[in-house]
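To start, the structure itself, in structure tokens.
Counting starts at 1 for both ligands and their atoms, in listed order.
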Amino acid sequence: MKTNLSFSRPAEVETECLVVVALDRGEKDKTQVSAESADEAVKSAAAGVVSTGEVSGKMFETTLIHNPAKLKAKRLLLLGGGKAKNFSAYELRRLAGAAVRSLKSKSIRSFAFVVPDDNLKAEGAVKAIVEGAFVGNFDPDTYKSDRKDQKIDGLTLVTRGEQGKLQQAAEEARIIGESQNFTRQLVNEPSNRMTPTVLAEQARKMAAEVGIKCEVYGADKIKELKMGAFWSVAQGSDEPPALIIMRYEAAGAPEKPVLGLVGKGITFDTGGISIKPADGMEKMKYDMAGGAAMIGTMRAIALLQPKVKVIGIVCATENMPSGKAQKPGDVQIAMSGKSIEIINTDAEGRLVLADGLYYARQLGCTHLIDAATLTGACVVALGYVNAGVFANDDKMYERFSRALDKAGEKMWRLPLDEEYKEVIRSNIADIVNSGGRWGGAVTAAMFLKEFAEDTPWLHLDIAGTAWMEENKPWIAKGPSGIGVRSLVEFAKDFASDGSRS
Ligand code: BES
Ligand code: MN
Ligand code: ZN
């Protein structure tokens with residue numbers, strides 16, 4: 001999708017469809033097209049339908065007007081944006097996605113979006129619209145033989161302001177949106193086509209394209225590094241595992257800090273010997289969404305060039321039952337030297353991450369973030385709306401929280417009190433890999449904390465948010481690409497004041 005800016009008056013823009021946000025402004029002045037677009041011509045083109053009362057401004061409401069009077073646009077789409085006083089970049093991002101999804105289904109290939117200036121600066125608004133439009137333009141229909149390939153290929157932003165800055169905002173948003181979609185493409189692939197080897201190849205190809213280093217290690221190196229926890233999962237599969245290491249170093253970046261991004265890359269999670277029920281097991285192809293998020297994030301970082309060092313690590317393997325698979329009761333020695341009693345072979349994500357986190361620290365990472373579809377318990381706690389976030393460092397959490405706001409992603413902090421550690425004590429080893437049912441998202445995070453130790457660390461449990469269970473106005477059902485935007489915003493902020501934490 002190509003994006004460009006137009007500084008013309010909305011009425012003068014020649015386009016298949018002019019999209020204007022309509023906000024609910026309360027009792028007196030009911031619905032109105034947004035302030036920026038309160039261009040008299042647009043207002044009067046909309047006046048007829050607005051006067052009927054059928055435009056309420058409700059979020060995602062669409063009203064399409066053909067041949068709008070005195071506009072050069074062929075169509076005018078009034079897009080409800082909710083209550084004016086609550087309107088923010090968060091809503092705007094979703095509205096842009098909704099505009100794309102609604103128009104592409106009508107075989108429209110290009111449109112113009114009038115950038116609203118309600119409560120928003122033009123740069124922030126442009127960024128939100130472009131990101132949202134890329135998200136809305138993605139469809140997970142790769143394998144449908146009657147695929148229609150309906151995509152928007154041209155988006156014009158009708159705006160006012162400083163051209164240079166707005167262009168930069170649009171360019172940044174394009175990089176972020178495309179990187180999020182790259183992650184979604186990886187997550188969408190079924191496990192027979194997205195093995196650890198294929199995931200590693202994809203990371204390698206991406207790295208070559210954007211000019212960062214990428215190394216891939218196989219079973220021998222994993223064993224040589226004494227990654228006993230990672231290997232304990234990989235040993236049961238006929239597919240070779242892959243330890244993927246991507247390095248980004250900006251020219252002139254300080255030696256420290258070094259941000260480590262560690263992703264869970266289970267390309268299929270059967271549960272292993274503690275096998276999962278058949279019902280819904282097909283979904284476990286997305287158990288590599290954390291790893292894919294890190295690969296997409298590294299892509300965006302490489303293209304945006306923040307002045308900082310970042311290392312991305314993905315521990316990729318299948319979790320299979322077989323004659324070689326680990327069994328409940330087995331004891332494994334992690335790379336850090338900690339011994340782990342395996343209670344449940346389905347708690348495999350924390351095992352691969354334990355070694356991934358420890359290895360990141362060995363490579364010199366001073367700050368760590370991991371992302372993983374780690375627990376069903378996190379889905380029970382937070383549903384499909386918020387991802388879980390855990391932190392052993394309040395400052396780092398606060399900075400991440402700002403990144404979440406900028407990115408428009410929702411995550412909710414969950415606790416890590418020492419008391420939770422009791423349930424992961426083992427009788428015969430240092431620690432067990434499953435603390436049982438209660439507080440499962442927390443006890444999984446407590447397990448990881450043992451391997452992050454005193455390095456400032458965040459853990460993102462994206463089990464409930466990495467896959468959209470249904471179509472939404474702004475995003476297709478399927479892989480969401482959660483995490484990418486926030487991680488990129490965090491890295492950008494980290495580059496500007498990373499050494500202060
Ligand atoms: N990959 C799953 C978690 C998951 C569940 C992701 C639902 C996405 C949707 C993870 O490996 C797992 O199986 N976790 C177990 C842990 C338990 C055995 C302690 C779980 O959540 O049931
Ligand atoms: Mn599992
Ligand atoms: Zn898993």
Q.
Taking the basic N atoms (NZ, or NE/NH1/NH2) and the acidic carboxylate oxygens, is any pair closer than 4.0 Å for Arg299 and Glu209?
A. no

Q) Do the rings of Phe447 and Phe451 sit parallel, tilted or perpendicular, given the 30° and 60° boundaries? A) tilted

Q.
I'd like the name of whichever of Val379, Asn344, Ile266 reaches closest to atom 18 (C) of ligand 1 through any heavy atom.
A. Asn344

Q) So does Asp146 have more than 12 non-hydrogen atoms from other groups sitting under 6.0 Å from CG? A) yes

Q.
Under 4.0 Å, heavy-atom basis, I'd like to know which part of Tyr286 is in contact with ligand 1: side chain, backbone, both or neither.
A. side chain

Q. What is the closest protein heavy atom to atom 16 (C) of ligand 1, and at what distance does it sit?
A. Arg350 NH2, 3.7 Å

Q.
I'd like to check whether Ser434 has a polar contact with ligand 1, where a contact means an N/O of the residue lying under 3.5 Å from an N/O of the ligand.
A. no

Q. Would Arg174 and Glu178 pass as an ion pair if we require N to O under 4.0 Å?
A. yes

**Q.** Lys492 bridged to Glu489 by N-O distance under 4.0 Å
**A.** yes

Q.
Students should be able to answer this: which protein heavy-atom is nearest to atom 12 (C) of ligand 1, and at what distance?
A. Asp346 O, 3.2 Å

Q. Could an N or O of ligand 1 be found under 3.5 Å from any N or O of Lys276, whether backbone or side chain?
A. yes

(Q) Among all the protein's non-hydrogen atoms, which is closest to atom 1 (N) of ligand 1, and how far away is it? (A) Asp287 OD1, 2.8 Å

Q | Shortest-distance N, O or S atom of Glu348 relative to the Mn ion (ligand 2) | A | OE1

Q) Closest N/O/S atom of Glu348 to the Zn ion (ligand 3), by atom name? A) OE2

Q) Any idea how Phe494 and His367 line up, ring-wise: parallel (<30°), tilted (30 to 60°), or perpendicular (>60°)? A) perpendicular

Q.
If you take the centroid of each ring, where Trp contributes its six-membered ring, are Trp474 and Phe60 closer together than 6.0 Å?
A. yes

Q. Can Asp355 and Lys226 be counted as an ion pair, charged N to O under 4.0 angstrom?
A. no

Q. Between Arg413 and Asp394, is the closest basic N to carboxylate O distance under 4.0 Å?
A. yes

Q.
Looking only at distances, can you tell me whether any N or O atom of Gly376, backbone or side chain, sits closer than 3.5 Å to an N or O atom of ligand 1?
A. yes

Q) In degrees, rounded to 10 degrees, what angle do Asp269 atom OD2 and Asp346 atom O make at the Mn ion (ligand 2)? A) 170°

Q) Can we say Lys264 and Asp370 salt-bridge, meaning some charged N sits less than 4.0 Å from an Asp/Glu carboxylate O? A) no

(Q) Using a 3.5 Å cut-off on N or O atoms only, is Lys264 in polar contact with ligand 1? (A) yes

Q | Short N or O distance, Thr375 and ligand 1, threshold 3.5 Å exclusive | A | no

Q) Can you list the ligand 1 atoms lying under 4.0 Å from a non-hydrogen atom of Glu348? A) 11 (O)

Q) Do you see an N/O/S atom of Asp269, backbone or side chain, under 2.8 Å from the Zn ion (ligand 3)? A) yes

Q. Quick check: are there more than 12 heavy atoms from other residues, nucleotides or ligands sitting under 6.0 Å from CG of Asp238?
A. no

Q) What protein heavy atom sits nearest atom 7 (C) of ligand 1, and how far away is it? A) Met284 CE, 3.9 Å

Q | Salt bridge Glu409-Arg93, side-chain N to carboxylate O under 4.0 Å | A | no

(Q) Among all the protein's non-hydrogen atoms, which is closest to atom 14 (N) of ligand 1, and how far away is it? (A) Leu374 O, 3.4 Å

**Q.** Opening angle between NZ in Lys264 and OD2 in Asp287, taken at the Zn ion (ligand 3), to 10 degrees
**A.** 100°

Q. Short N/O distance, under 3.5 Å, between Asp269 and ligand 1?
A. yes

